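Please read the structure below before turning to the comments.
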There are 2 protein chains.
Amino acid sequence: MAATDTLPAPPEDFDQLRAAILERKASLPKRLTQVAAYALDNPDEIAFRTAASIAGAAKVQPSTLVRFAQQFGFEGFSSLQLLFRARLRQRTSSYDERLRLIEQDSPAVSESMGILNGFVNAGHRSLDTLSKAVDPDVFEQAVQLFAHAETIFLIAKRRSYPISSYMAYAFGKLRVKCIAVGTAAGIDDDVLALAGPRDAAFAVSFSPYASESAAQARAMAARGVPVVSLTDSAFSPLAECSKIWFEVVEADHAGFRSLSASMAFAMALTVSVAEKRRRDAGR
Amino acid sequence: MAATDTLPAPPEDFDQLRAAILERKASLPKRLTQVAAYALDNPDEIAFRTAASIAGAAKVQPSTLVRFAQQFGFEGFSSLQLLFRARLRQRTSSYDERLRLIEQDSPAVSESMGILNGFVNAGHRSLDTLSKAVDPDVFEQAVQLFAHAETIFLIAKRRSYPISSYMAYAFGKLRVKCIAVGTAAGIDDDVLALAGPRDAAFAVSFSPYASESAAQARAMAARGVPVVSLTDSAFSPLAECSKIWFEVVEADHAGFRSLSASMAFAMALTVSVAEKRRRDAGR
DNA sequence: TGACATATGGAATGAAAATTCCATATTGAC
DNA sequence: GTCAATATGGAATTTTCATTCCATATGTCA
C-alpha cells in the first residue's frame with residue numbers, strides 16, 4: 001500500500017500540480033475526481049478556505065481532501081494548499097517564471113550573469129507594480145502642482161539621489177526652473193530657505209529614511225511650500241508632511257533594491273510637468 | 001474600558017481599514033505602530049501567513065497582533081485577516097483586465113497617466129534587451145578587472161550621471177574604494193590625474209556623447225588606466241578607447257530614453273565586483 | 001518622586017482545523 | 001454469488017494556531 005499512495009515526487013509548483021491532475025484525472029476514483037474538478041475550477045477557494053469548508057463546497061468529506069493530496073505525493077492537504085497560495089502570490093509577477101526559464105536554459109552561466117539577470121528581473125517586477133500603485137487622479141494633482149510652481153526644489157540623498165539628479169538634468173533641458181539639493185555638503189538648507197509658497201518641492205526617500213531629507217521636507221512644509229514625495233511606505237516620515245505622496249515599492253535582488261520604478265515615475269512626472277507647462281504657455 | 005477598545009465600526013473592506021490605520025497611526029503605541037507599518041507594507045504576508053509567523057516578521061508578539069486588530073474594532077486577528085484575503089481575491093481577479101487597459105494605451109486615462117505607462121513600457125523593453133545584449137564572458141572580464149583594481153573611477157555626465165552616482169553610493173556601502181567625477185565643476189581632471197595603471201575607470205555616455213567624458217576616458221587610457229565603458233553604439237567615442245565596452249540601447253517614450261537597463265547593468269556590475277572581492281578576500 | 005494608567009512580553013488556554021482511523025459500502029474478478 | 005481489494009463516510013484524535021491572561025515594564029501626571 002505504501003508503494004501506491006506515496007509517490008516519490010510531490011509537484012513543486014502549481015503548474016506541475018495542474019499537469020499531474022489533468023494527466024491522472026481519468027484514472028481517479030469518483031470522489032477524488034470530484035475534488036480534482038473543484039480544485040482546478042476554483043483554485044482561489046482552495047488557497048483561502050479551510051479544508052472543512054472546501055470539502056462542503058465540493059460535496060466530499062474533509063478526509064477525501066487529505067487522500068487527494070496524498071495521492072499526488074503530498075503529506076497532507078495543508079502542503080498541497082501551500083501551492084495554491086504560492087500561485088496567488090506569484091500571479092502578480094510572471095517575471096519570476098521567466099527568470100526560472102532563463103536559469104534552466106543556461107545553468108552554466110557565470111555567477112555574475114546570474115546577478116545581472118536578477119537585477120533585470122527585479123526591474124521588471126518593480127515596473128509591474130508601478131502602474132498599479134499610482135492613482136491617476138493623485139498623479140494628475142502632482143503634475144498640476146508642479147506645472148504652476150515657480151521653482152521646483154528636489155530633495156534626495158544617497159540611494160534616491162540618482163532620481164533627483166536625473167530630474168534636475170531633464171528639467172534643465174526642458175527649461176523648467178529647478179534646484180536639486182543633496183549634492184554638496186552644508187549649503188542645502190541655505191538653498192532650501194529660498195523656497196516660498198509659490199514654489200514646490202519634490203522629496204524622494206526610501207527606507208531607511210535619510211533623516212536630513214525628512215527634516216528638510218518638514219521644514220519646507222512648515223513654511224508653506226507644498227511638498228510632493230515619493231517613498232516606499234505610508235509610514236515614511238515623508239508621507240506625513242507631504243501634501244501629496246506616492247508609495248512605490250521596488251523589488252530587489254539579493255537585498256539590493258531596483259530603481260526602475262522610481263526612475264520611470266520620475267521621468268513621467270518630469271515630462272508631464274513640462275508638457276503641461278508647454279500647453280498652458282501656448283494658450 | 002469596553003468603550004475604548006470596542007469601536008463600534010470595524011472597517012468593511014481593505015481601503016477603509018487602510019484609511020483608518022493611516023488616520024490613527026500617529027496616536028498608536030509603539031508596537032502597534034510597528035504592526036501598522038508592517039501590515040500596510042506587506043499586505044500579502046498578512047493575507048497568507050499565520051499570526052505567529054507574521055508576528056515574528058514584524059518583530060512583535062502574536063498577542064500584539066490581536067490587540068492591533070481589536071484596536072480597530074475587530075474581534076480578533078482572524079477577522080482582520082479576512083479583509084486582507086478578500087483584497088487579494090479582488091485584486092487577482094481584476095489584474096488581467098487592468099493590465100489590458102494599460103497595454104492598449106487606453107484613452108480613458110489621463111494624459112499624464114499615459115505618459116507614466118509609456119515610461120513603464122520603455123523600461124520593460126529596455127530591460128528585455130539587456131540580458132541578450134551583454135556577453136557573459138565579457139561581463140565576467142569586466143568584473144575581474146574591477147575586482148582587482150585599487151580604486152575605481154566613475155566617469156559620467158548629464159543623463160548618465162545618475163548611473164555613476166548610484167554606483168558611487170553602492171560601492172561606498174560595499175566598502176569598495178571609488179571616486180565619481182562629474183559632480184562639481186573644474187576639478188574633475190585633477191581628480192582623474194590621481195589614477196594609475198593599478199586602478200580602473202568606468203565610463204558611461206550615451207549619444208549625444210558629452211565631449212568631456214570621452215576626453216577624460218581617452219586621457220585615462222593613454223596613461224595606462226584600464227577603461228571599461230557603457231555606451232549605446234559601437235561608434236561611440238568611448239568604445240574606441242576602452243579595453244572593454246558594453247553596448248546597451250535604451251528604449252524610449254516620446255523621445256525620452258529610459259535608464260532602466262543601464263541602471264540594472266550598473267547594479268549588477270557593482271554587486272558582482274563587491275561579491276568577487278569578498279570571495280577573494282576570504283581565501 | 002511616587003502612584004496610576006497604559007503598554008508589552010510570554011506562557012497558559014481553548015478553539016478550530018487537519019489528519020488518522022475504523023467501520024461500512026462499493027466495485028470488480030473469478 | 002462470493003471474496004478480495006479498493007473507496008468512502010464519519011467519528012476520534014492530534015496538531016496547529018489564535019486568543020486570553022497575568023506579571024512586568026514603561027510612560028505620564030501630580
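Basis for what follows: all heavy atoms, side chains included, without hydrogens, waters or symmetry-related copies. Owing to the predicted nature of the structure, the values given are computational and were not obtained by experimental measurement.
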Do A:Arg159 and A:Glu250 meet the salt-bridge criterion of a basic N to acidic O distance under 4.0 Å?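 Salt bridge flag = no for A:Arg159 with A:Glu250.
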Respond yes when some side-chain nitrogen or oxygen of A:Ser78 is under 4.0 Å from OP1 or OP2 of D:dT16, and no when none is. no
Residue A:Pro29, side-chain atoms from C-beta onward, closest of D:dA7, C:dT8, C:dA18: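 Closest nucleotide to the A:Pro29 side chain: D:dA7.
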Any residue of residues 53-65 of chain A with a heavy atom less than 4.0 Å from an atom of DNA chain C: A:Pro62, A:Ser63
Distance in angstrom units between [X] [atom1] and [N] [atom2], rounded:
| X | N | atom1 | atom2 | value |
| --- | --- | --- | --- | --- |
| A:Lys30 | D:dA5 | NZ | P | 23 Å |
| A:Gln70 | D:dT8 | CD | C1' | 14 Å |
| B:Leu80 | D:dC17 | CG | P | 18 Å |
| A:Phe77 | C:dA16 | CZ | P | 19 Å |
| B:Glu75 | D:dC17 | CD | P | 20 Å |

Short side-chain to backbone donor-acceptor contact, A:Glu45 and A:Ile54, under 3.5 Å: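 Side chain of A:Glu45 to backbone of A:Ile54, a donor-acceptor pair under 3.5 Å: no, none is there.
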Here's a test of your reading of the structure: between A:Arg49 and A:Arg67, which maps to the more 5' nucleotide of DNA chain C?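 Of the two residues, A:Arg49 wins.
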Within-4.5 Å side-chain heavy-atom neighbours: A:Val134 and B:Met113: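 A side-chain contact under 4.5 Å exists here.
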With under 30° as parallel and over 60° as perpendicular, where do the rings of A:Phe202 and A:Phe265 fit, or are they tilted in between?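 The arrangement is parallel - the two ring planes meet at less than 30°.
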